[in-house]
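Below is one structure, written out as structure tokens; the observations come after it.
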Amino acid sequence: MAESSRCAVFDPREAPPSAPHLDSRTDYMLSEGDRSPPGTLRVGFTLNGHPASIDVEPNVVLLDALRDRFSLTGTHKGCDHGQCGACTVHLDGRAVNACLILAASVDGARVTTIEGLAASHEGEGLHPLQRAFHQCDAYQCGYCTSGQIMSAAALIDDERVPSDDASVREAMSGNICRCGAYKNILRAIRTARAELGVDRA
Amino acid sequence: MRNFSYQAVERVDSAVARHTEFATSAFLAGGTTLIDLIKLDVMRPEQVVDVNRLPLKRIDLLDDGRIRIGALVSNTELAHHPLIRARHPLLSAALLSGASTQLRNMATTAGNLMQRTRCAYFRDPTVPECNKREPGSGCAALTGINRLHAVLGTSEHCVATHPSDMCVALAAIEGAVEVEGPAGKREVALLDFHLLPGDTPEREHALEADELITSVVLAPHLDSAGAHYLKLRDRASYEFALASCGVILALDGQRIGQVRIALGGVATKPWRAFEAEASLVGVVPGRESFEQAARLALAHARALEHNAFKLPLARQAIVRALETALDDAQGGMSPPARSDTGAGSPAGDSP
Ligand SMILES: Cc1cc2nc3c(=O)[nH]c(=O)nc-3n(C[C@H](O)[C@H](O)[C@H](O)COP(=O)(O)OP(=O)(O)OC[C@H]3O[C@@H](n4cnc5c(N)ncnc54)[C@H](O)[C@@H]3O)c2cc1C
Ligand code: SF4
Ligand code: FES
Ligand code: FES
């Protein structure tokens with residue numbers, strides 16, 4: 001069968017996919033008027049480097065606000081209970097589960113999602129981890145991928161976590177991959193680390 | 001998720017004052033227990049008082065050698081703090097064995113003390129029988145699937161385990177919980193903070209209405225002690241303990257001078273094995289005395305239909321934690337004490 005060779009061998013020289021996850025929007029000022037409507041709270045924060053504001057009910061979690069209000073759907077909802085890591089974002093630089101954080105409580109904070117990761121990094125184009133995940137084929141269905149990348153990005157910046165595989169696996173254990181792409185995820189992290197020159201004993 | 005009113009506060013006294021304004025208020029710290037349980041409709045506060053802006057994020061060494069940890073210090077910060085790593089490696093290891101990186105980044109010292117049981121019947125409001133959730137309704141776990149439930153400190157009204165790793169280390173280290181409420185400040189000994197279920201499983205801790213935890217104070221560390229936290233679970237990481245054991249052991253020459261043994265995953269509150277400890281003081285350490293101590297620690301254990309395996313598991317955990325802490329005390333291992341992982345095979349392909 002001729003077609004079957006199509007995906008049989010992955011060619012890492014292949015160009016990375018265009019970047020639908022790059023955040024091109026800058027207008028995150030969603031609240032209107034001088035005061036928030038009754039029953040809502042006005043929350044101002046920094047989202048992917050841009051000023052953001054939103055009026056939310058107290059019971060809205062950050063994950064739903066990002067997806068439904070800001071249309072940043074790169075952050076995924078898996079379990080909705082802190083168990084899978086699909087919703088991982090950076091809050092003031094630390095990896096957290098957006099499903100267990102009230103949107104109201106991020107007032108004044110800095111939130112970075114997968115859409116803003118590339119821009120948060122000094123180099124051009126995609127973040128080295130995004131490139132490495134692509135090069136190393138570190139996903140199958142991709143559902144967990146943005147969470148994996150956000151965890152990995154925080155991990156690489158965290159001087160307290162050593163670079164050996166066992167420590168990396170332990171630090172990444174809050175991100176479940178139902179497709180079992182763990183081997184290549186680990187490879188991708190190693191690859192990006194080497195590129196960034198941040199190996200730690 | 002049901003709705004509630006939300007207040008962010010900047011001062012301890014206003015946190016307490018706000019909390020008194022509703023019959024059912026909840027302080028919000030990291031939210032990793034509270035938001036989870038509000039979503040499940042297990043906790044139903046009318047008001048959430050967000051305490052994250054309170055100035056309770058410091059770790060200070062006091063003149064008498066005790067260490068004061070602010071209620072809002074995150075589990076990550078606490079585990080990695082140089083003072084804690086140097087003086088209380090058991091606490092560091094226990095914290096790092098719990099939950100995930102993301103959860104530890106959010107979880108706080110006070111929230112961890114106050115976390116609720118993972119009993120599946122407690123977490124599922126469609127199950128009518130749960131004395132902890134609905135006092136007087138019965139206990140579904142007694143006749144249900146009780147593989148994960150407790151064997152120590154149980155009552156006929158509740159057999160739920162206390163899930164915290166941090167609290168096991170704190171039970172071994174000892175110290176106090178500092179609280180502030182409408183009637184002012186007071187201190188509760190760490191060992192008295194968590195309550196046995198008895199006839200009132202809905203009462204889990206010694207806090208009075210509207211009291212806020214402001215800090216935890218650790219007793220001074222034992223000089224030249226060895227320590228080890230061993231956690232056994234169904235998968236290698238990111239899972240609650242089936243059985244865990246925290247040991248602090250200090251030698252006096254060839255003999256055991258002081259020893260503390262605390263257990264997790266098997267009891268209704270963070271558990272101290274005092275009889276087992278007493279049997280070891282003044283003894284030349286060795287396999288036999290460790291096994292005898294382990295037997296004593298589980299002597300009053302009561303197994304349910306599916307959790308009898310926890311008795312030998314806990315005994316083995318105690319022996320191994322004692323052996324490793326002894327090694328550590330003899331300088332065989334360099335600190336910080338690390339926590340072992342899976343009960344079964346090595347990690348395989350999972351991270
Ligand atoms: C998927 C998952 C896996 C986990 N695995 C583990 C594990 O392996 N080991 C482990 O030990 N834990 C584990 N945990 C539990 C986790 O450690 C706790 O949820 C966390 O420590 C709670 O802290 P928090 O700050 O988020 O508390 P919150 O959720 O903010 O609060 C918890 C409770 O404490 C009350 N409270 C908070 N602060 C105060 C205060 N200052 N004074 C008085 N009351 C207060 C709140 O009102 C609430 O009732 C896990 C949790 C999840 C979701
Ligand atoms: S063990 Fe305790 S928490 Fe679980 S169902 Fe019984 S009463 Fe409820
Ligand atoms: S969706 Fe948040 S951890 Fe699963
Ligand atoms: S790639 Fe499918 S869940 Fe991870």
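The sequence lines fix the lettering, A, B, ..., with proteins before strands; numbering per chain opens at 1.
Within the structure, the salt bridge (charged side-chain N to carboxylate O under 4.0 Å, His left out) test picks out the following pairs touching residues 33-45 of chain A (sequence neighbours left out): A/R42-A/D55. Residue pairs meeting the salt bridge (charged side-chain N to carboxylate O under 4.0 Å, His left out) criterion with at least one partner in residues 75-88 of chain A, sequence neighbours excluded, are A/D64-A/K77, A/K77-A/D80, A/D80-B/K39.
Side-chain contact between A/E57 and B/M1: absent, with no pair of heavy atoms (C-beta onward) separated by less than 4.5 Å. The shortest side-chain heavy-atom distance between B/Q102 and A/N175 falls under the 4.5 Å cut-off. No side-chain heavy atom of B/I35 sits under 4.5 Å from any side-chain heavy atom of A/I101. The shortest distance between side-chain heavy atoms of B/T101 and A/D158 does not fall below 4.5 Å. The shortest side-chain heavy-atom distance between B/N3 and A/P58 falls under the 4.5 Å cut-off.
Residue contact with chain B, scored on non-hydrogen atoms closer than 4.5 Å, is absent for A/L186. The contact between A/C99 and chain B is made by backbone and side chain atoms together, counting heavy-atom distances below 4.5 Å. Residue A/I185 does not touch chain B at all, counting heavy-atom pairs closer than 4.5 Å. Interface residue B/R53: only side-chain heavy atoms are found under 4.5 Å from chain A. For chain A, the nearby part of B/L28 is the side chain; its heavy atoms alone come within less than 4.5 Å.
Contact between A/V96 and B/M106 at its shortest, heavy atoms only, is CG1-CG, 3.6 Å. Between B/F4 and A/N59 the shortest heavy-atom distance is CZ-CA, 3.8 Å. Looking at every heavy atom in both residues, A/S105 comes nearest to B/D50 through CB-OD2, 3.2 Å.
Look at A/R160 and B/E77 and you find a salt bridge, because one of the NZ, NE, NH1 or NH2 atoms lies within 4.0 Å of a carboxylate O, short of that distance.
Side-chain N or O atoms of B/Y238 include one that pairs as donor or acceptor with a backbone N or O of A/Q83 at under 3.5 Å. No donor-acceptor pair closer than 3.5 Å links the side chain of A/S173 to the backbone N or O of B/S237.
Most heavy-atom pairs under 4.5 Å with chain A, from the set B/T76, B/L40, B/N52: that is B/L40.
Annotation for A/R178: atom CZ does not count as buried by contact number, only 12 or fewer foreign heavy atoms lying within 6.0 Å. The environment of B/I145 atom CD1 is sparse: at most 12 non-hydrogen atoms of other residues, nucleotides or ligands sit within 6.0 angstrom.
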